[in-house]
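The structure under discussion appears below in the form of structure tokens.
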Amino acid sequence: MKRKYLSMAIGGILLAPAAFVQAQEQQPAAGTQATQLDEVTVTARRRSESIQDVPVAVSAFGEEQIKDLQASTVEGLQGAVPNMNIAQGRGSANSVNVFIRGIGQPDALQTFDPGVGMYVDDVYYSRINGALFSLFDIQQLEVLRGPQGTLYGKNSTGGAIKLTTKNPFDNEGGAVEVTAGDYGRLEGRFYVSGKLSDTLAGSIAGAKITNDGYVKDAVSGKRYNDDDTEAFRAKLAYQPTDNFSAVLSLDTTKQDAALTLGRPMAPLLQTSLAPAGVIVLQPGETGEWNRRAQTSFQNGEGQYLKHSGASLSMNWDINEQFTLKSISSYRKLKTESYIDIDASEYELGDVLVALDQNQKSQEFQLHYDNGSNLHATFGAYYMKENVPSYQEAYADDLFSFLGAKVPFLRTIDDDLTTTSTAAFAHVNWEFVPTWTVAAGVRWTKDKKDYDRSTSTFWGAPFASLNGTVAFDAKASWTAVTPSISLQKEFSDNLMGYVSANRGFKSGGFNGRANTVYDTEHAKFDPEYVWTYELGLKGSSADHRFRGSATAFYSNYSDFQARVSQDVGTFPVLNAAKLNIKGIELEGSALLGESTTLSAQLGWMDAKYDSFEDFRLDPSYAGYDPTVNHDHVPFSPDVTARVALQHVFSLGDNGSLTFGGDVSYRSETWLSVDNRKVLSQDAYTLLGAYGVWDSSQLTWQVRAGVRNLTDKQYKTEGQEFASVGNIQTAYYGLPRNWYVSVRYNF
């Protein structure tokens with residue numbers, strides 16, 4: 001069956017004369033017939049261009065395509081972009097874990113930087129906490145694959161996800177939408193926009209998203225893995241003249257959810273200090289999971305987030321050639337999350353993680369366009385981020401002495417300040433007709449100051465071991481990251497390019513340094529990647545087929561790996577060099593007048609050239625033969641998807657649309673240490689939906705089902721084997737249905 005679905009994916013792509021590009025074709029008005037795919041514009045290079053003209057591997061989704069993905073958060077992009085893995089973060093209701101082409105953030109702590117940059121209206125979001133965006137007022141979403149540095153605010157090694165919200169001048173009117181589904185799902189969304197005068201326009205948008213949760217406590221019946229989110233955004237756009245415009249945006253998101261529980265996959269262990277030995281508390285689970293769990297948190301502990309910000313974007317056309325753009329922003333993130341890392345009734349790895357982050361950034365861009373064959377961008381970027389955090393670790397069941405439990409508590413206060421400064425330039429020159437060269441360079445300096453204090457509290461008879469370990473450190477790193485591409489227009493409908501891009505992710509300090517030895521080895525170095533790409537983009541002359549094919553090779557060095565050593569010791573190693581190569585095909589086709597086919601296929605071969613891991617030395621006292629590095633985490637060999645949509649005209653009664661998709665993902669490993677219980681075998685997911693639109697598109701009724709076959713599959717893992725043998729898996733959504741009603745005005 002899996003081979004059948006994979007063959008369907010490949011066959012769907014090959015239906016078009018060229019590989020297809022996933023694009024943002026908007027549905028025609030009800031009752032009309034389409035004759036070609038709509039033009040797709042993207043801002044991958046910080047200016048509006050046709051997706052067919054950009055020498056970058058980019059996928060773009062408009063508002064309707066996001067709905068057809070049945071995505072309510074960015075996690076819904078899983079399966080829709082080749083060689084991308086995106087999932088809700090480890091045990092957290094408010095964070096997202098993203099890997100593109102095998103590159104991401106292997107540890108969830110705030111002392112690690114994301115490998116994939118997240119942007120909303122060109123503002124960089126520096127933490128994976130608060131990045132599980134609810135998609136309630138999105139104009140367009142773009143996913144750029146490969147290093148992004150010479151044009152983007154913050155350097156990133158894996159790629160970038162760009163969300164663009166609606167502009168008040170361009171989206172007059174509004175909509176109200178209500179959604180209901182199983183598991184207590186109830187959502188409301190609204191958007192209202194309009195001109196306040198000839199020079200001023202405003203919009204407000206909001207969403208309230210709730211569900212009761214997909215995991216239930218086997219004893220109490222309490223539900224977990226739920227959602228209760230409120231989000232609001234207000235925008236004010238000002239355009240007093242033809243050559244100046246400004247947009248002020250204010251947003252806030254609040255989430256108050258129960259715990260996010262996973263499933264213990266390995267036997268949970270207690271260490272007996274006297275007599276020395278190991279006590280098995282609970283066997284690891286096998287077979288199908290009934291989505292039942294227990295937790296040691298019994299006092300209503302949950303996961304809270306408040307994320308707010310303001311940004312001001314200004315554009316000034318100085319003259320016909322020069323445009324100056326300024327992007328100013330301030331963001332504040334507060335989280336208080338209890339996480340049951342061992343996902344059991346035992347208190348082995350239970351934690352509280354509380355952040356109080358703020359960031360301010362300023363970016364200037366100067367664009368030059370001579371009106372024919374030369375475009376240049378010059379820019380400067382500054383960001384300062386402060387992330388104080390407070391953590392508690394509870395482990396009253398981890399140790400025993402003479403048959404009695406030994407209470408254990410660890411508290412952590414730390415404070416990380418990051419200052420990032422950069423200057424960049426990028427030039428695009430059509431030096432002879434049909435041949436264009438683009439070259440860019442970026443200089444980056446990242447400076448980090450880190451203070452940390454760890455206090456340990458043992459119960460009797462080990463209270464004499466109580467103490468505090470503290471340290472402070474600072475370091476800075478600079479990097480020069482160039483990019484170059486050569487592009488050839490073979491015809492009006494066919495383009496090819498080759499490119500080379502370097503990415504950089506700064507070093508840092510181990511946010512799990514709990515011992516004196518850890519503090520002496522807390523610093524880790526930056527990561528670097530060179531990616532070489534060969535691409536082809538084309539469409540048929542009648543614009544009914546559109547597609548792209550990309551081949552890439554990445555040389556990735558100094559991979560920052562957080563590993564599990566001894567009890568409570570988690571060193572960070574610049575352990576590995578990787579070679580990652582792959583192929584990506586995307587596309588869309590209009591079949592007849594009412595049927596749209598889209599497909600994506602990604603193949604990737606990610607391998608370690610070397611992985612220096614002292615734990616694999618047989619002479620090391622903590623030698624662990626269960627660890628290996630045969631597989632790169634979150635890097636399945638194959639990702640594929642086929643989606644089909646057909647529109648039936650009902651004349652004056654509007655239109656009826658039916659659609660569905662099938663996606664496939666090959667075996668995926670969920671931890672750096674390649675422990676088999678934290679891997680997911682290949683699996684296939686199916687989804688289906690139906691939509692009725694009134695003749696004037698005033699009303700819309702949509703119904704759909706996700707994970708139609710109720711497939712059970714793992715998406716994430718917690719690997720802390722040195723603490724009670726914790727190896728916890730988190731699972732994707734079960735089969736779930738919904739109905740929504742939307743009114744447009």
Side-chain angles (χ1 to χ4, degrees), residues 103-107 109-118 123-128 147-158 160 329-331 333 355 357-364 378-389 413-425 440-453 470-483 501-513 518-530 556-562 571-577:
I103 300 175
Q105 180 178 334
D107 193 295
L109 272 192
Q110 76 280 2
T111 51
F112 293 83
D113 291 334
V116 175
M118 304 287 287
V123 173
Y124 175 71
Y125 283 50
S126 59
R127 297 294 111 217
I128 65 173
Q148 307 297 322
T150 59
L151 282 169
Y152 278 80
K154 191 75 166 64
N155 214 321
S156 60
T157 47
S329 81
Y330 175 80
R331 303 210 58 81
L333 169 68
L355 305 179
Q357 179 253 15
N358 65 81
Q359 69 175 77
K360 52 188 175 184
S361 64
Q362 175 63 53
E363 182 173 357
F364 292 107
F378 307 94
Y381 178 78
Y382 172 84
M383 184 191 77
K384 186 168 185 178
E385 176 192 26
N386 182 234
V387 196
S389 80
D413 286 282
D414 67 356
D415 194 344
L416 173 67
T417 299
T418 300
T419 305
S420 183
T421 309
F424 54 90
V441 65
R442 175 193 180 95
W443 172 85
T444 302
K445 181 176 182 179
D446 283 354
K447 178 183 176 182
K448 294 187 177 182
D449 295 84
Y450 187 54
D451 297 304
R452 181 181 179 87
S453 174
F471 79 102
D472 62 85
K474 61 178 62 178
S476 62
W477 301 269
T478 60
V480 175
T481 49
S483 68
N501 299 274
R502 190 184 194 216
F504 157 80
K505 185 168 76 170
S506 69
F509 302 98
N510 184 2
R512 302 187 190 277
D518 289 342
T519 64
E520 294 171 347
H521 301 82
K523 180 184 172 183
F524 54 86
D525 293 327
E527 295 178 347
Y528 298 91
V529 61
W530 268 106
Y556 183 19
S557 61
D558 295 315
F559 169 55
Q560 299 163 356
R562 192 275 296 163
V572 179
L573 313 175
N574 286 107
K577 294 182 179 180

Legend entry - Side-chain heavy-atom pair Q105, I128 within 4.5 angstrom cut-off: yes

Legend entry - Pairwise distance CG(N386) to NZ(K360) - rounded to 0.5 angstrom: 9.5 Å

Inset, instruction - Flag the pair D415 / T417 as yes when at least one side-chain heavy-atom distance between them is below 4.5 Å, and no otherwise. - result: yes

Inset, instruction - Report yes or no: does N574 contribute a side-chain atom to a donor-acceptor pair with the main-chain N or O of D558 at less than 3.5 Å? - result: yes

Inset, instruction - Find the distance between CG (L109) and OG (S389) and round it off to the nearest 0.5 Å. - result: 7.5 Å

Legend entry - Donor-acceptor pair between Y528 and R502 side chains, under 3.5 angstrom: no

Legend entry - Distance-minimising heavy-atom pair for S420 and T444: OG-CG2, 4.3 Å

Legend entry - T418 OG1 to M383 CE distance, which is reported to the nearest 0.5 Å: 6.0 Å

Inset, instruction - With the side chain counted from C-beta on, respond yes when F559 and E527 share a heavy-atom pair under 4.5 Å apart, and no when they do not. - result: yes

Inset, instruction - May I ask you to say whether R512 pairs ionically with D107, meaning some side-chain N is under 4.0 Å from a carboxylate O? - result: yes

Legend entry - D414 versus Y450, side-chain donor and acceptor atoms under 3.5 Å: yes

Legend entry - Pair S126, Q359: side-chain N/O donor-acceptor within cut-off below 3.5 Å: yes

Legend entry - Separation between CG of D525 and OG of S557, rounded to the nearest 0.5 Å: 10.5 Å

Legend entry - Distance in Å, K474 NZ paired with F509 CZ, rounded so as to fall on 0.5 Å steps: 9.5 Å

Legend entry - is_close_aromatic(F112, F524), centroid dist under 6.0 Å: yes

Inset, instruction - Side-chain contact test, heavy atoms from C-beta onward, threshold under 4.5 Å: evaluate it for Q110 versus L355 and give yes or no. - result: yes

Inset, instruction - Return yes if a side-chain donor-acceptor contact under 3.5 Å exists between S476 and D446, otherwise no. - result: no

Inset, instruction - Compare every heavy atom of G508 with every heavy atom of W477, then report the nearest pair and how far apart it is. - result: CH2-N, 3.5 Å

Inset, instruction - Enter the distance from T481:OG1 to W443:CH2 here, rounded to the nearest 0.5 Å. - result: 11.5 Å

Legend entry - D113 bridged to K448 by N-O distance under 4.0 Å: yes

Legend entry - Nearest non-hydrogen partners of S156 and G115, listed with the distance: CB-O, 3.6 Å

Inset, instruction - Answer yes or no: is there an ion pair linking R127 with E385, defined by an N-O contact shorter than 4.0 Å? - result: yes

Inset, instruction - May I ask you to test the Y381-Y124 pair for a side-chain heavy-atom distance under 4.5 Å? - result: yes

